[in-house]
Amino acid sequence: MKRIILILLIFFSSLSLLLSQTPEIKWWYDINDSSFGNSAIADIDFDGLPEIVFSCYRNDSMVYALNAEDGSLLWKYNTGGCNDAAPIIYDVDNDDTLEIIVASSCTPATFCFNGTNGQVEWFTFLHGSDSPPTIADIDNDGKTEILHGNFGGYVSCLNGEDGSINWDILVDGNSWIQTAAIILDADNDGHLDFIVGNWSFGSNHKIFCYRCDNQSLLWESDLPNDYMYHGAAFADIDNDGYMEIAIGTYDGTLLVLNAENGSLKWDFSFPSPLYMGAAVSMADLNNDNKYEIVVFDNNHLGVLNNTGELQWTFDIPNYGSSFRGASLADINNDDTLDVVFGTSKGQVFALNGSEGNLIWQVDLAAHIDSSNFEIDHAPIIADFDQDGFLDIFIVGGHTEYPDTWNNYGRAYAISTNSQGGPEWTMFRHDITRSAAVAIADTTNFIGNIDKDNLFIEVYPNPAYCDFTIEYKLQSLSEVNIQIINSLGIVENNITNGIQPAGSYCKHFTEGEISNTKLNAGIYFIRFEVKNKLYYKKLIITG
């Protein structure tokens with residue numbers, strides 16, 4: 001009898017694993033061209049279910065908002081041309097309604113749409129753009145600003161409340177700025193900076209870092225030897241308290257630079273490099289609490305560790321490529337993040353993040369019955385219908401130029417049957433386009449008591465000014481506590497060292513910790529106890 005029960009347990013366990021690795025096409029939506037601008041997801045009409053927003057090339061020219069649960073149309077808007085840059089969803093004017101920002105290319109304007117109905121709230125003529133917008137309060141005025149690069153070599157900053165031009169600076173007049181203007185505190189001075197790379201019309205390939213508040217040049221690097229199209233990924237990959245940036249160039253080189261001064265940390269190329277035009281992504285893919293870096297060189301995918309050593313590779317079948325890069329989430333319920341991407345051959349792949357073996361693949365070109373169906377669009381990953389399982393959205397199609405009337409496209413939703421996470425809800429992961437899943441987002445978030453019977457609490461949460469960290473140890477332990485911001489930067493180190501068993505309370509007033517004020521935002525309290533990591537999320541409201 002016990003043997004039968006054991007066999008049944010093994011059978012159902014195997015069946016569950018198999019089902020978690022079997023994707024299904026959930027719905028599709030036909031369009032009239034490819035989507036090169038990628039997509040974003042949020043509940044923009046406040047119905048309790050998310051919507052997906054994406055834009056299309058010139059034979060279609062639409063910005064679409066689809067209901068994510070079934071693919072039905074919420075609204076659409078024709079911008080009058082091609083829209084190559086990924087949209088972004090955010091409440092840019094603090095009216096408690098989400099807006100969609102789209103920087104168009106054929107029509108040289110940046111649009112702001114009301115998320116609920118698609119009405120244009122404002123539009124601003126600039127230079128035309130392939131650069132995905134980024135968002136932050138860059139001048140500490142309590143209001144949102146929008147940054148993106150432009151044709152002609154400009155980077156522009158718009159005020160979110162009305163689209164007025166805050167500033168418009170010429171970075172390099174002999175280039176286009178097509179990379180996203182990533183936003184980060186590059187030198188840890190408490191002020192935000194932005195970094196872009198140029199698409200030089202000559203051989204003057206450079207990366208530039210500017211201070212956001214006064215647009216002064218912090219540093220520039222002439223290390224790139226070729227074009228750069230997608231913006232850099234960034235995270236603190238070496239735990240030195242400063243960010244590193246990683247960007248691919250068209251000569252097949254991955255450059256990893258120290259964000260504070262632009263110096264080279266290390267670089268990487270495959271043995272026979274072709275070109276690294278694809279976007280780079282970062283996350284902890286094997287639960288070692290260190291970042292891995294996902295790169296594409298034409299049809300070669302590689303995962304590197306945080307010192308630049310190649311961990312595994314995958315060759316895309318039939319010499320397919322993945323220009324928009326990979327999105328990272330737990331697709332097979334094994335508590336490690338996986339690598340998901342679409343290819344120029346119309347296929348979607350999910351690879352095990354720690355080893356690179358195939359989890360599954362979906363041939364969308366076969367589904368639409370077209371040999372020239374290409375995917376030039378990075379996936380977003382979220383729970384579309386709130387059933388507890390992750391879904392994937394991606395768009396493919398066919399584009400000819402100048403014969404655009406031959407163009408077509410189709411958007412797909414794919415169900416994964418995975419309860420993993422975290423979600424990847426927009427191009428390059430977040431509104432600063434970091435392309436990185438912060439390690440704090442994936443490591444053992446706990447309630448008051450975890451499986452090791454460790455009591456930890458942070459209260460009140462959210463906190464306006466004062467908050468308390470309380471914890472209880474069952475035995476003699478070494479305890480280290482850090483406060484980390486949402487970009488993964490360590491704001492404060494609270495190192496307690498060896499503590500005996502007992503209860504401990506630390507109260508902080510007026511947001512002060514080690515004489516450093518925590519501004520409003522999302523933080524993570526990181527506990528290291530007995531060589532294990534635990535995280536609590538803390539929201540500071542003022």
Side-chain angles (χ1 to χ4, degrees), residues 19-41 52-57 59-60 62 64 66-73 84 86 278-279 281 296 298-299 301 314-329 331-332 338-352 358-385 389-400 406-418 424-427:
L19 289 174
S20 71
Q21 298 179 4
T22 304
E24 298 177 356
I25 294 175
K26 193 168 192 169
W27 53 258
W28 61 88
Y29 187 92
D30 286 325
I31 50 180
N32 297 312
D33 211 324
S34 297
S35 176
F36 300 134
N38 295 275
S39 50
I41 186 169
I52 299 170
V53 180
F54 66 100
S55 57
C56 292
Y57 203 60
N59 192 50
D60 189 297
M62 293 287 183
Y64 289 95
L66 304 182
N67 293 299
E69 68 270 20
D70 58 11
S72 58
L73 179 68
D84 291 0
S281 304
F296 291 85
N298 200 38
N299 68 307
L301 183 159
F314 178 84
D315 287 344
I316 301 173
N318 302 315
Y319 295 96
S321 59
S322 181
F323 186 63
R324 303 295 169 173
S327 302
L328 311 175
I331 295 301
N332 61 349
D338 304 306
V339 180
V340 183
F341 58 95
T343 79
S344 59
K345 301 299 182 179
Q347 295 178 311
V348 181
F349 287 88
L351 306 180
N352 184 285
L358 180 68
I359 300 172
W360 51 253
Q361 69 184 77
V362 178
D363 191 343
L364 297 180
H367 181 271
I368 199 173
D369 193 21
S370 173
S371 60
N372 58 12
F373 182 82
E374 301 179 0
I375 297 173
D376 196 353
H377 188 108
I380 56 172
I381 305 171
D383 183 357
F384 294 174
D385 53 8
F389 297 96
L390 291 178
D391 305 294
I392 295 169
F393 178 83
I394 200 163
V395 187
H398 175 69
T399 297
E400 298 178 13
N406 293 322
N407 299 355
Y408 66 90
R410 180 174 284 180
Y412 281 96
I414 302 169
S415 177
T416 70
N417 295 312
S418 170
W424 186 288
T425 60
M426 67 187 76
F427 185 53

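Computation of the quantities below employed the complete heavy-atom set of this structure, encompassing side-chain atoms and omitting hydrogens, waters and symmetry-equivalent molecules. Sequential numbering from 1 along the given sequence is applied to the chain's residues.
- Among all heavy-atom pairs drawn from Ala278 and Gly325, the shortest one is CB-N, 4.3 Å.
- To the nearest 0.5 Å, atoms CZ (Arg410) and CD1 (Ile375) are separated by 12.0 Å.
- Residues Leu351 and Phe341 approach most closely at CD1-CE2, 3.8 Å, considering heavy atoms.
- At least one donor-acceptor pair under 3.5 Å links the side chain of Asn59 to the backbone N or O of Asn32.
- No side-chain donor-acceptor contact under 3.5 Å links Trp27 to the backbone of Ala411.
- Side-chain N or O atoms of Ser281 include one that pairs as donor or acceptor with a backbone N or O of Ala326 at under 3.5 Å.
- The heavy-atom pair separating Tyr64 from Met62 by the smallest distance is CE1-CB, 3.3 Å.
- For the pair Val339 and Phe314, the minimum side-chain heavy-atom distance is 4.5 Å or more.
- The CG atom of Asp391 lies 6.0 Å from the OG1 atom of Thr416; values are rounded to the nearest 0.5 Å.
- Ala350 and Ile331 get closest at one heavy-atom pair: CB-CG2, 4.1 Å.
- Considering all non-hydrogen atoms of both residues, Lys345 and Gly320 come closest at CG-CA, 3.8 Å.
- The shortest distance between side-chain heavy atoms of Val362 and Ile392 does not fall below 4.5 Å.
- Here the side chain of Ser321 pairs no donor or acceptor atom with the backbone of Phe323 at under 3.5 angstrom.
- Listed by chain and number, the residues in a side chain to side chain contact (heavy atoms under 4.5 Å, CB included) with Glu69 are Leu49, Asn67, Asp385 (sequence neighbours excluded).
- Put simply, the side chain of Asn417 gets close to the backbone of Thr22: a donor and an acceptor are under 3.5 Å apart.
- At a threshold of 4.5 Å between non-hydrogen side-chain atoms, the residues Phe393 and Ile41 do not count as touching.
- Between Trp28 and Tyr412, the ring planes lie tilted relative to each other; the angle falls in the 30° to 60° range.
- Considering OH of Tyr29 and CG of Leu66, their distance stands at 6.0 Å, rounded to 0.5 Å.
- Here the OG-CZ distance, from Ser35 to Arg324, works out to 8.5 Å after rounding to the nearest 0.5 Å.
- Side chain of Ser327 to backbone of Pro379: a donor-acceptor contact under 3.5 angstrom is found.
- With values rounded to the nearest 0.5 angstrom, Ser370 atom OG is found 2.5 Å from Tyr408 atom OH.
- In this structure, CG on Asn318 lies 9.5 Å from OG on Ser344, to the nearest 0.5 angstrom.
- Remark: Phe373 pairs with no residue by the ring pair (Phe, Tyr, Trp, His ring centres under 6.0 Å) rule, at least two apart or across chains.
- Side chain of Asn407 to main chain of Asp33: no donor-acceptor pair is present (N/O by atom type, distance under 3.5 Å, no hydrogens or angles).
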